[in-house]
Asker: 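Quick one: the structure is below, and I'll ask about it shortly.
In each ligand, atom 1 is the first atom listed, and ligand 1 is the first ligand listed. Computed over heavy atoms, backbone and side chain alike; hydrogens, waters and symmetry mates excluded.
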Amino acid sequence: MHIVMTGATSGIGEEAAKILLERADVHLTIGSRSGASGLPQSERLTVLPLDMDSLENERRFADAVRERGPVDRLLLNAGLQLARPEKSADGFERTFAVNHLAHYLMLRLLTGSLAPGARVVLTGSGTHDPAENTPVTPPDHAEAEWLAYPERDPNPAKGTRKFCARAYSSSKLCNIMTAREFAARHPEFTALSYDPGYVPTTGLARDYPKWLMAIVSRVIPLLMARDRTSTVPRSGRYLADLAVDDRYARGQGDYWSVRGPDLVKAEPSDLARDAAAARKLWDDSARLVGLESA
Ligand SMILES: NC(=O)c1ccc[n+]([C@@H]2O[C@H](COP(=O)([O-])OP(=O)(O)OC[C@H]3O[C@@H](n4cnc5c(N)ncnc54)[C@H](OP(=O)(O)O)[C@@H]3O)[C@@H](O)[C@H]2O)c1
């Protein structure tokens with residue numbers, strides 16, 4: 001089984017990659033900007049260079065993956081959360097560029113290399129859903145143009161903290177909508193999205209001052225529903241399960257969420273379930289990365 005993965009070098013993804021490599025039938029190809037020192041050495045592990053800040057890098061990575069033959073599983077798990085607004089190498093808001101556009105482009109470039117019955121998993125987040133009432137400012141919309149160029153958004157989030165938090169939750173909304181829209185366009189494959197719960201010990205908040213995160217990581221679990229906090233071993237295990245367990249085969253855009261000790265099929269937000277908005281996001285994202293809509 002050939003598994004291609006982003007975000008396998010830290011946190012939830014690294015844990016999932018270790019679990020997947022324990023299976024003798026798995027050949028794992030990861031895209032990484034930082035090597036793979038936390039993963040066990042294995043002849044079944046290939047590390048290809050990938051800095052998702054740049055769409056050109058994405059194209060090179062996809063070319064290299066294609067040379068390696070059909071892809072049975074595509075795990076789009078990389079993600080970042082910024083403390084200050086930044087632009088990507090291509091001039092897009094960086095959270096949206098890395099978390100959504102880069103994964104969207106990778107999915108598009110590798111669709112033709114997916115093996116029959118292949119499975120695609122995108123890591124989203126419960127922060128996408130205003131009804132979850134998380135401490136992260138929720139999305140206001142899923143307009144690709146405004147997310148890519150927030151200066152064009154007529155109603156931008158006010159203040160650095162809210163701006164960055166909303167950029168993050170919006171990018172995760174886009175991941176979930178992309179899984180659903182991919183399923184609608186390619187029912188021959190399995191497409192899932194994943195909410196790992198709040199996992200305070202990963203590297204996701206590395207951009208924030210350590211003293212702040214030490215406080216925040218203690219306070220957030222108190223503010224959230226008790227069953228929404230998870231651990232790296234638990235959420236990493238569930239990401240690996242979503243990739244390989246037969247239980248999750250044939251999902252058509254299903255959203256799986258860690259709740260307490262369990263992984264449950266959940267309903268994402270109203271906007272995440274808006275089929276017209278998902279089609280528009282798909283088409284607008286295509287334009288932004290220079291592809292035809294397909
Ligand atoms: N932790 C949580 O509470 C939580 C909750 C909901 C959803 N999530 C989602 O879970 C996923 C994994 O996050 P995590 O919490 O495990 O955080 P993490 O420990 O920071 O892992 C993030 C991964 O993404 C990679 N990455 C980030 N920017 C990249 C770039 N420009 N190019 C290539 N790779 C890049 C990182 O690579 P490097 O090792 O090179 O930095 C790392 O492998 C993310 O999609 C995140 O949004 C996390």
Asker: Would you say Gly197 contacts ligand 1, with heavy atoms under 4.0 Å as the rule?
Answerer: yes

Asker: Check this for me - ligand 1, Leu204, N or O atoms closer than 3.5 angstrom, yes or no?
Answerer: yes

Asker: How long is the gap from CG on Leu147 to CG on Asn99, to the nearest 0.5 Å?
Answerer: 11.5 Å

Asker: When you look for heavy atoms under 4.0 Å from ligand 1, do you find them on the side chain of Gln81, its backbone, both, or neither?
Answerer: neither

Asker: May I ask you to check whether Trp256 and Tyr238 place their ring centres under 6.0 Å from each other?
Answerer: no

Asker: Is the closest N or O pair between Ser34 and ligand 1 shorter than 3.5 Å?
Answerer: yes

Asker: Does Pro200, backbone or side chain, put an N or O under 3.5 Å from an N or O of ligand 1?
Answerer: no

Asker: Looking only at distances, can you tell me whether any N or O atom of Val98, backbone or side chain, sits closer than 3.5 Å to an N or O atom of ligand 1?
Answerer: no

Asker: Is the distance between the ring centroids of Phe92 and Tyr149 less than 6.0 Å?
Answerer: yes

Asker: Taking the six-membered ring for Trp and the full ring for Phe, Tyr or His, determine whether the centres of Tyr255 and His128 are under 6.0 Å apart.
Answerer: yes

Asker: Is there a side-chain contact between Tyr168 and Ser125 (heavy atoms, below 4.5 Å)?
Answerer: yes

Asker: With a 4.5 Å limit on heavy-atom distance, are the side chains of Arg228 and Arg259 in contact?
Answerer: yes

Asker: Suppose we measure from atom 46 (C) of ligand 1 to each protein heavy atom; which comes out shortest, and what is that distance?
Answerer: Tyr168 OH, 3.5 Å

Asker: From atom 7 (C) of ligand 1, work out which of Gly79, Ser257, Gly124, Ala17 has a heavy atom at the shortest distance.
Answerer: Gly124

Asker: Taking 4.0 angstrom as the limit, do Arg287 and Glu145 come out as a salt bridge?
Answerer: no

Asker: Kindly confirm or rule out an N or O of Lys172 lying under 3.5 angstrom from an N or O of ligand 1.
Answerer: yes

Asker: Salt bridge check: are Asp283 and Arg185 linked by an N-O gap of less than 4.0 Å?
Answerer: yes

Asker: Less than 4.0 Å is my threshold; does some heavy atom of Glu14 fall inside it relative to ligand 1?
Answerer: no

Asker: Against ligand 1, does Thr6 come closer than 4.0 Å with any heavy atom?
Answerer: no

Asker: Can you tell me if Ala8 contacts ligand 1 (heavy atom of the residue under 4.0 Å from the ligand)?
Answerer: yes

